[in-house]
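Quick note: residue numbers are just sequence positions, from 1. Everything numeric here is computed off the predicted structure, so don't read it as measured data.
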Amino acid sequence: AATGPQIAARALSFTSDASAEAVGELVTMAEGRRLPLEAARTLFVARLTRRSDDFAASRALSAVNAALSRIGWVMRPVPSLRRRGVG
């Protein structure tokens, strides 16, 4: 899978708002995993914190967020509750 910086670089290369194909490319690069996309998101948030008028970073962050949204969340199973002393 691609790393966060590699995904960030690809997202920055999009010249306009992320199309469905561009978002799909980011998901494919991340092999459907959230971790590389979250790493890219962290890079863009830090970059925008330093310079809020960085429109390229803002556009790329939008694409990464769309990719994260497409993947969705993985719900971990809730451990069963044991009742002690019952029965």
Side-chain angles (χ1 to χ4, degrees):
T3 64
Q6 290 170 327
I7 291 173
R10 182 63 185 128
L12 281 170
S13 73
F14 300 145
T15 56
S16 62
D17 291 336
S19 64
E21 294 82 22
V23 171
E25 183 179 340
L26 295 179
V27 171
T28 300
M29 285 181 71
E31 295 179 353
R33 296 180 318 131
R34 293 186 64 82
L35 189 62
L37 291 166
E38 288 172 351
R41 179 175 56 188
T42 299
L43 293 170
F44 289 127
V45 168
R47 185 170 159 170
L48 287 165
T49 299
R50 290 188 303 274
R51 198 174 131 214
S52 62
D53 64 343
D54 186 343
F55 299 112
S58 186
R59 193 171 41 250
L61 177 60
S62 231
V64 170
N65 282 336
L68 282 165
S69 180
R70 185 176 290 184
I71 289 172
W73 290 97
V74 176
M75 298 296 292
R76 294 191 174 101
V78 177
S80 63
L81 299 175
R82 293 184 181 180
R83 297 177 66 183
R84 295 181 184 194
V86 176

Next on the checklist: Side-chain heavy atoms nearer than 4.5 Å, only ILVMFWY residues, links allowed to pass through others: does that put Phe14 and Val64 together?
Outcome noted: yes

Next on the checklist: Hydrophobic clusters here meaning ILVMFWY residues chained together by side-chain heavy-atom distances under 4.5 Å, can you tell me if Leu68 and Leu61 are in one?
Outcome noted: yes

Could you go through residues 1-13 and list every donor-acceptor pair under 3.5 Å that involves a side-chain atom there, pairing it with any protein atom two or more places apart or in another chain?
from, atom 1, to, atom 2, distance (Å)
Thr3, OG1, Gln6, N, 3.3
Thr3, OG1, Gln6, OE1, 3.3
Gln6, OE1, Thr3, N, 2.7
Arg10, NE, Glu25, OE2, 2.4
Arg10, NH1, Ser13, OG, 2.4
Arg10, NH2, Glu25, OE1, 3.1
Arg10, NH2, Glu25, OE2, 3.2
Ser13, OG, Arg10, O, 2.6

Checklist entry - Closest heavy-atom contact between Arg70 and Ala20? => result NH2-O, 3.3 Å

Checklist entry - Between Met29 and Ile71, is there a shared hydrophobic cluster once you connect ILVMFWY residues whose side-chain heavy atoms come closer than 4.5 Å? => result yes

Checklist entry - Would you find a donor on one side and an acceptor on the other, under 3.5 Å apart, between the side chain of Ser58 and the backbone of Asp54? => result no

Next on the checklist: Please find the pair of heavy atoms, one from Val23 and one from Ala63, that lie closest to each other, and give the distance.
Outcome noted: CG2-O, 4.2 Å

Checklist entry - Donor-acceptor pair, Thr42 side chain versus Glu38 backbone, under 3.5 Å? => result yes

Next on the checklist: Using the rule that Ile, Leu, Val, Met, Phe, Trp and Tyr join whenever any side-chain heavy atoms are under 4.5 Å apart, tell me whether Leu35 and Phe44 fall into a single cluster.
Outcome noted: no

Item to check | Gap separating the CG atom of Leu26 from the CD atom of Glu21, nearest 0.5 angstrom | outcome: 12.0 Å

